[in-house]
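Reviewing the structure listed below.
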2 protein chains.
Amino acid sequence: MDVRLRDVAERAAVSVKTVSNVVNGSPRVAPDTRSRVQQVIEELGYRPNLSARHLRQGRTGTIAFAVPDLNVPYFSELASSVIAEAKQRSVTVLIEDTGGDRAMESTIAQGFSSSLIDGVILSPLALRRADLARTGRVPLVLLGERDYAKAIDHVVIDNVAAAREATTHLLELGRNRIAVIGVDDQETGRQRVIGYREALAARGIPAEAELMPVTGGFTRAAGAEVMRRLLALPEPPDAVFCFNDLLALGAQRVLLASGRRVPGDVAIVGFDDIEDGRYATPSLTTVAPDKTQIARLAVTLLLDRIETAEPGRQPVLAQAGHELVIRESTSANRTKE
Amino acid sequence: MDVRLRDVAERAAVSVKTVSNVVNGSPRVAPDTRSRVQQVIEELGYRPNLSARHLRQGRTGTIAFAVPDLNVPYFSELASSVIAEAKQRSVTVLIEDTGGDRAMESTIAQGFSSSLIDGVILSPLALRRADLARTGRVPLVLLGERDYAKAIDHVVIDNVAAAREATTHLLELGRNRIAVIGVDDQETGRQRVIGYREALAARGIPAEAELMPVTGGFTRAAGAEVMRRLLALPEPPDAVFCFNDLLALGAQRVLLASGRRVPGDVAIVGFDDIEDGRYATPSLTTVAPDKTQIARLAVTLLLDRIETAEPGRQPVLAQAGHELVIRESTSANRTKE
DNA sequence: ACTGTTCGTTGCAACGTTGTACTGCGAGCG
DNA sequence: CGCTCGCAGTACAACGTTGCAACGAACAGT
């Protein structure tokens with residue numbers, strides 16, 4: 001049904017291999033032969049059969065990008081960046097939604113659909129170190145966790161510094177009862193807590209456990225729920241630092257609904273810089289990881305790892321930049337209301 | 001490097017073909033042979049090489065889902081549904097982001113990466129009828145447009161009825177200067193305008209051109225911009241019906257920033273039922289298309305079309321359900337504030 | 001006992017591509 | 001003038017899988 005190399009070859013009166021050479025830009029082709037073949041390719045509308053090519057080459061030119069939840073804006077934005085970056089290098093991206101499920105993440109880390117993909121970029125949520133023990137079937141790059149001991153490439157941001165900057169910003173506004181929302185048993189959260197504590201410590205303010213409640217999930221609902229608990233404290237916070245923007249938006253909604261003013265009564269800082277935060281009322285101050293850079297680093301590391309499959313290669317830890325973007329939820333001058 | 005059928009066959013002392021039969025669940029295999037082969041498969045961790053399988057079968061088991069912008073929550077939510085639905089039928093989904101670019105959409109409709117995919121589900125934004133003239137390379141299902149004459153399967157919702165319901169809801173609140181945001185030159189918008197007009201006409205209210213400004217894009221920014229223009233009218237609207245939730249959120253932000261109350265001064269209805277709308281302040285009344293059903297219909301139609309490749313098959317128009325979800329942005333009883 | 005049928009299994013070929021090794025040919029050189 | 005060399009182009013095999021046709025063995029029916 002489809003046009004094959006063979007069809008082109010017959011029409012152009014050359015061998016199949018010569019057509020293949022033209023398609024692949026091999027230098028061993030005379031200019032006039034090349035142009036003649038090119039023309040026939042146009043005429044017949046030839047497209048290489050990728051399955052055949054990949055079977056022959058042992059590569060598929062496809063990488064997977066696995067995220068916990070595609071509906072979380074941070075991940076969909078990151079996915080767009082990864083797709084764009086991969087496209088520049090003529091690589092196709094398969095988006096996989098793990099649902100934050102540990103078994104699923106573990107399967108993916110081991111190369112799941114196997115021969116369909118050359119490598120995996122995985123943004124883990126529930127993955128444990130033990131799950132990575134049996135990796136190696138497929139080149140792997142992890143996003144956003146750094147404590148896995150095994151020889152696996154990572155792309156991270158400096159969570160400690162970012163959290164410190166966010167907290168310091170709130171301190172500079174004169175707030176001193178700063179709650180954090182988003183503490184769980186994962187490494188990322190742990191690092192952000194460290195940064196938070198460092199910022200407090202620098203001003204001699206003690207970190208209080210009641211201001212660091214454990215949070216279940218990273219949704220607006222979770223943010224709302226925790227915010228309600230914080231407001232019920234004898235001495236509620238005058239600022240909250242949320243470990244992602246969804247938590248922050250959920251918290252903000254509760255604050256506004258309770259009649260409090262943001263940032264007048266409670267200032268809010270989020271994390272991720274998702275688009276929603278820019279259009280919330282008030283718009284959300286947030287730590288903005290450089291998603292473009294993260295995507296570029298991840299794709300680069302993965303393709304490098306695919307190229308040089310030697311096991312001796314040292315794992316790389318790449319750090320992407322971040323930036324504190326100050327918007328209305330922490331601006332001293334209120335918007336009119 | 002990888003385990004092949006041949007390796008399994010040698011270890012189990014059967015032919016390659018028998019192993020293949022076991023893998024594919026062919027009935028012509030003796031029970032004890034089957035279990036023996038199964039065991040060796042487990043032992044060696046055999047995974048079929050999909051490139052080879054697909055080369056042989058002429059199918060890849062992969063479909064593409066192309067959306068204008070993966071960062072638009074409606075599309076990412078829809079993508080999740082499509083992925084889930086496809087997974088149930090052991091089909092892999094390739095997410096493609098067209099950027100709403102007409103050339104890109106046209107390319108995809110013609111089967112772009114060719115032999116990598118068996119079919120395409122396309123949610124067009126800028127596509128014109130002419131672009132579909134040269135389709136047919138690849139089975140195609142279109143989402144959300146209905147006026148393409150060619151024999152192409154469609155999945156739609158009843159936009160006219162949905163818009164009528166939304167408008168009627170606003171009328172029942174006692175609003176009579178109802179603006180619409182999201183009018184452009186596309187078919188979907190045109191249908192929603194029809195529904196809007198019908199609802200007005202049913203009450204003898206004339207549709208005013210100044211309340212139906214043309215909108216560029218479906219972003220929060222566009223919604224904000226149009227809302228500002230509407231507020232500058234000599235007689236501003238007391239309700240707005242937005243053709244998607246992002247427009248509505250942008251409009252709502254402008255309203256709140258200008259000191260107006262929602263829904264007190266201006267009521268808002270959106271469209272799409274994205275998660276953001278549920279957690280906005282106030283939460284957003286919206287028309288909720290049944291995304292799960294849309295995904296199921298689209299995947300079903302596409303797979304049917306792939307199965308029976310006969311060109312004589314009639315195109316199918318499948319209609320998915322929708323529902324008006326009433327939340328705070330049109331609720332009579334205000335939240336405390 | 002012999003033919004016919006069924007069942008489990010097998011070998012072969014092919015899917016479309018590309019790497020390797022090779023051929024034929026003209027140019028350059030001694 | 002013959003030999004070598006470089007270059008354009010070619011033939012063949014192989015990647016891992018599955019459809020097809022064929023095979024032998026077991027068994028039922030005559």
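In the text below, chain A, chain B and the rest are named by the order of the sequence lines, each starting its count at 1. For clarity, every value in this text was computed on a predicted model and none was experimentally measured.
Rounded to whole angstrom, the span from the CD atom of A:Glu10 across to the C1' atom of C:dG16 amounts to 14 Å. Computed from coordinates, the A:Leu55 CG to C:dC15 C1' distance equals 9 Å when rounded to whole Å. Between the P atom of C:dT17 and the CG atom of A:Leu50 lies a distance of 9 Å, rounded to the nearest Å. What separates CZ of B:Arg59 from C1' of C:dC15 is a distance of 14 Å, to the nearest Å. In this structure, A:Leu5 atom CG and C:dA14 atom P are separated by 18 Å, rounded to whole Å. Put simply, CG on A:Asp2 is 13 Å from P on C:dC15, counting in whole angstrom units. When the P atom of D:dG16 is taken as reference, atom CZ of B:Arg6 falls 9 Å away, rounded to whole Å. For the pair B:Ile41 CD1 and D:dT17 P, the interatomic distance rounds to 10 Å; values are reported in whole Å.
Looking only at side-chain heavy atoms (C-beta outward), A:Val120 and A:Ile117 come within less than 4.5 Å of each other. Looking at heavy atoms from C-beta onward, B:Arg11 lies in side-chain contact with B:Leu44 at the 4.5 angstrom threshold. Using a 4.5 Å heavy-atom cutoff, the side chains of B:Arg47 and B:Val3 are not in contact. Side-chain contact between B:Asn21 and B:Arg28 is absent, with no heavy-atom pair separated by less than 4.5 Å.
Between A:Arg53 and the phosphate of C:dT18, there is a side-chain N or O to OP1/OP2 separation shorter than 4.0 Å. Between B:Asn49 and D:dC15, a side-chain N or O to OP1/OP2 separation shorter than 4.0 Å is absent.
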For every nucleotide of nucleotides 5-13 of chain C, 5' to 3': is a protein heavy atom under 4.0 Å from its base (B), only from its sugar-phosphate (S), or from neither (-)? --SSBBB-B

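Using modelled atom types, one side-chain atom of A:Glu77 and one backbone atom of A:Glu275 make a donor-acceptor pair closer than 3.5 Å.
Ionic pairing of A:Lys291 and A:Glu85 is not present here: no N-O contact between side-chain nitrogen and carboxylate oxygen is shorter than 4.0 angstrom.
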